[in-house]
Amino acid sequence: MPSDIRVRIAPSPTGPLHIGTARAALFNYLFARHTGGTFLLRLEDTDVARSTAAYERDILDGLHWLGITWDEGPGVAGLEEAGPYAPYRQMQRLDTYAAAAEELLAKDLAYRCYCTPDELAAERHDREVAKLPAAYSGRCARLSADERAAFEAEGRRGAIRFRVRPGVVGWNDLVRDRVEIDTANLGGDFVIVRADGNPLYHFTVVVDDAAMQISHVIRGEDHISNTPKHILLFEALGHPVPVFGHLPLILNPDGTKMSKRKSQTAVADYIAQGFTREALVNYFAFLGWSPGTEDDVLTLEEVVERFDLEKVQKGGARFDRERLEWLNGQWIRRLDDADLVARLLPFTDAAAVAGQIVRAPSEEELTALLPLVRERLSTLASITDVAGFLWRDLSPDPAALLPKRWDAAMTIDGLTAAREALAAHDPVTWEADELEPPLRALVEARGWRAGDLFMAIRMAVTGQAATPPLFDVLVALGRDRTLARLDDALAALGAAG
RNA sequence: GCCCCCAUCGUCUAGAGGCCUAGGACGCCGCCCUUUCAAGGCGGAGAUCACCGGUUCGAAUCCGGUUGGGGGUACCA
């Protein structure tokens, strides 16, 4: 059954895709998909000074990467402009706002204000000194035609202010029930169109939400105090007021509103660090919402099925990177081989380009390695921590080659014997379960602890104390490189002694 | 300052008057598995449900106040 529910995400291309925007987009998407409604994307690019095409691209690409798709939206990032209410970019809708502003002016619901920024600043300052709440005095609210003409003659264009009517504005918020705010606390008549003719956010958002038949406005809690202004504008425009739902904020670890300064906020950075879309979406969905069951690893589709705005938390949620990493590990373990390899390849390639490894592995090589690395990856990028020794040259550090209980002489003895045993091993059966018995036998014969010998070999052939299982590592390395690295380690130890 | 929102383990949360001596997950600590690291299994510590007062036979759940935290106070979005 088709639904007339229409929701939107309206990002402003003044920065890269922010986690908060992605989360708001996700909740709108979930609500739309769950109810069979329509989800649209509108670009709010009226802040010309700060908006860029590169940010636009980053935002749209990021949302798509996450799997958040819209039914109507602008023609950018390789997309066709789509939907019955085009254009979906505010700078292409200026005449719509101009017409709406004219209408409000004509009905005397708005007026021109000729105050200069300096005058406004002085006014603000005086009120602050007098300990009065910040508000516009309304000095231009009742100018006569002559006074207006005088200002215009001076060359002043005048901004357009909306007349805020006295009274209380209230709404039934989807997540926090009844909210009421006295318009006396709105700061006076507010500007809807700048003196330079550019419309402002509060105005464009309402004009567009009205024009695009938005039924539910789902956005961050930081907009609660803007909502009365928007309701007033909807009423002035003669348009039904949509239903509002204010989501709890994503917080820095210290509990303040998430910011670039205290947290990593760009989705692109999480992508670059090897977080999967599944983990990110899963994590965002569970920040402020929960299915009410004990499930914690869910696909986007499963979340869509269970999503309910009324189960959204009211209080803000701190961003917990450790939990995200755990979820990421969960998802990495769930991906099928081909998928995981395809996602890993860009990271090994990038590491090679960056010089972190000297050679990027092939698809086949990575596929063969999967059983060794999969459960050790917390991010895709950590592949080079887990298996980088395979694609890197080692420079043995004698001190770092010694197992806890072994000194240099002991280690030389152990590695020499191990090298001999491995060199004597049939190259044709260079396989993990073939390599283990001879080394175990050696340990037995010499009365060593298996762990000590294995650690000595591990350090010698990988340069690390933490690696995938040793015999699998020797196989991945191959006979020649294994023996060569043992020789190098022995040489380093000999030089030190 | 003024307005508004919020308040359950360190963190994310379950909980819509009796099922709660408050459940799950992350993290932390043990144990098991084990050649290291992970993963996995098992167990543990961790919340007098911010506080005070009310309503009720009974409150984490309802009401009021206090405190604390957060958000907003632009010719930014």
Side-chain angles (χ1 to χ4, degrees), chain A residues 10-15 44-47 49-51 113 115-117 120-121 124 127-128 130-136 158-161 173 176 179-182 184-187 190-196 198-202 204-205 220-228 246 248-249 251 253 255-257 283 286-297 310-311 313-327 329 333 372-378 386 403 436 439-440 443 449-459 462 464-471 473:
Chain A
S12 182
T14 54
E44 308 222 324
D45 54 353
T46 54
D47 186 348
R50 296 192 298 146
S51 297
C113 167
C115 298
T116 64
L120 259 15
R124 210 171 0 249
R127 291 186 64 94
E128 199 180 316
K131 299 205 168 192
L132 290 166
Y136 174 62
I160 301 177
R161 280 186 190 270
D173 197 281
R176 42 204 91 220
V179 181
E180 294 189 335
I181 295 176
D182 193 317
N185 298 310
L186 261 29
F190 56 92
V191 175
I192 55 175
V193 179
R194 286 191 182 96
D196 68 7
N198 273 125
L200 254 21
Y201 166 74
H202 293 306
T204 59
V205 73
E221 185 188 358
D222 49 345
H223 281 289
I224 289 184
S225 39
N226 292 331
T227 299
H246 291 91
L249 260 22
L251 275 18
T256 54
K257 182 182 178 183
Y283 184 70
F286 276 71
L287 263 191
W289 173 84
S290 118
T293 62
E294 286 180 357
D295 299 306
D296 38 33
V297 182
E310 305 211 341
K311 292 176 89 165
Q313 203 82 12
K314 292 186 184 73
R318 296 171 202 237
F319 191 85
D320 181 357
R321 193 186 166 98
E322 303 218 53
R323 195 182 170 84
L324 206 212
E325 285 186 6
W326 171 79
L327 255 183
R333 271 163 244 148
L372 312 200
V373 301
R374 167 167 240 139
E375 68 218 20
R376 282 169 246 269
L377 296 174
S378 63
V386 174
E436 184 164 357
L439 290 176
R440 293 256 177 214
V443 162
R449 297 195 203 202
D452 291 338
L453 205 228
F454 294 171
M455 183 53 85
I457 300 173
R458 169 177 295 110
M459 294 300 306
T462 69
Q464 310 174 187
T467 71
L470 182 61
F471 303 103
V473 165

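All chains are named by letter (A, B, ...) in the order of the sequence lines, taking the proteins before the strands, and each is independently numbered beginning at 1.
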For [N], take OP1 and OP2 only and decide whether either is under 4.0 Å from a side-chain N or O of [X].
X: A:Q313; N: B:A14; answer: yes
X: A:T467; N: B:C37; answer: no
X: A:R194; N: B:C76; answer: yes

Can you tell me, in whole Å, how much space there is between the [atom1] of [N] and that of [M]?
N: B:A22; M: B:A14; atom1: C1'; result: 10 Å
N: B:G44; M: B:A50; atom1: P; result: 26 Å
N: B:C63; M: B:A25; atom1: C1'; result: 33 Å
N: B:G30; M: B:U67; atom1: P; result: 43 Å
N: B:U66; M: B:C2; atom1: P; result: 13 Å
N: B:C28; M: B:G15; atom1: P; result: 27 Å
N: B:G24; M: B:G69; atom1: P; result: 31 Å
N: B:G18; M: B:U34; atom1: P; result: 48 Å

Pairing partner of [N] (Watson-Crick or G-U wobble, both distances under 3.5 Å):
N: B:A25; value: B:U11
N: B:A50; value: B:U66
N: B:U73; value: B:G1
N: B:U34; value: none

Is there a donor on the side chain of [X] or the base of [N] sitting less than 3.5 Å from an acceptor on the other?
X: A:R323; N: B:U11; result: no
X: A:R124; N: B:A74; result: no
X: A:R176; N: B:C5; result: no

Give the nucleotide from the list [options] with an atom nearest to the side chain of [X].
X: A:A317; options: B:G71, B:U36, B:C12; answer: B:C12
X: A:P469; options: B:C75, B:A14, B:U35; answer: B:U35
X: A:K257; options: B:U13, B:G71, B:C75; answer: B:G71
X: A:T46; options: B:A77, B:A14, B:G71; answer: B:A77
X: A:L200; options: B:G27, B:A77, B:U36; answer: B:A77
X: A:E322; options: B:C26, B:A74, B:G15; answer: B:C26
X: A:I224; options: B:A77, B:C4, B:A14; answer: B:C4
X: A:R458; options: B:C76, B:C3, B:U36; answer: B:U36
X: A:D320; options: B:C37, B:U11, B:C76; answer: B:U11
X: A:R333; options: B:C76, B:G71, B:A39; answer: B:A39

Find the distance [X]:[atom1] to [N]:[atom2] and express it as a whole number of Å.
X: A:D173; N: B:G72; atom1: CG; atom2: P; value: 17 Å
X: A:R376; N: B:U34; atom1: CZ; atom2: C1'; value: 11 Å
X: A:L453; N: B:U36; atom1: CG; atom2: P; value: 13 Å
X: A:E325; N: B:U11; atom1: CD; atom2: P; value: 19 Å
X: A:N198; N: B:C76; atom1: CG; atom2: P; value: 9 Å
X: A:L439; N: B:U35; atom1: CG; atom2: P; value: 13 Å
X: A:I192; N: B:A77; atom1: CD1; atom2: C1'; value: 17 Å
X: A:E294; N: B:A22; atom1: CD; atom2: C1'; value: 13 Å

Judged by each residue's nearest nucleotide on RNA chain B, which is more toward the 5′ side, A:L186 or A:R440?
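Nearest nucleotide further toward 5': that of A:R440.
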Mapping A:T116 and A:E180 onto RNA chain B by nearest heavy atom, which one lands closer to the 5' end?
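Result: A:E180.
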Between [Y] and [X], is there a side-chain heavy-atom distance shorter than 4.5 Å?
X: A:I181; Y: A:L186; answer: yes
X: A:W326; Y: A:Y283; answer: no
X: A:V473; Y: A:T462; answer: yes

Any stacking of A:H246 on B:G71, going by centres under 5.5 angstrom and planes within less than 30 degrees?
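No, the aromatic ring of A:H246 does not stack with the base.
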With a non-hydrogen cut-off below 4.0 angstrom, is [X] in contact with a base, only sugar-phosphate, or nothing?
X: A:T293; answer: nothing
X: A:G255; answer: sugar-phosphate
X: A:N226; answer: base
X: A:L249; answer: sugar-phosphate
X: A:G288; answer: sugar-phosphate
X: A:F471; answer: base
X: A:P468; answer: base
X: A:F286; answer: sugar-phosphate

Got a second to check how far [X]'s [atom1] is from [Y]'s [atom2], nearest 0.5 Å?
X: A:K257; Y: A:E221; atom1: NZ; atom2: CD; result: 10.0 Å
X: A:L470; Y: A:L453; atom1: CG; atom2: CG; result: 9.0 Å
X: A:R318; Y: A:T256; atom1: CZ; atom2: OG1; result: 9.0 Å

Which heavy atom of [X] sits nearest a heavy atom of [Y], and at what distance?
X: A:D296; Y: A:L327; answer: O-CD2, 3.7 Å
X: A:R458; Y: A:A465; answer: CD-O, 3.4 Å
X: A:A450; Y: A:R440; answer: CB-NH1, 3.6 Å

In plain terms, say whether A:R124 and A:E128 are close enough for a salt bridge, that is, a side-chain N and a carboxylate O under 4.0 Å apart.
no
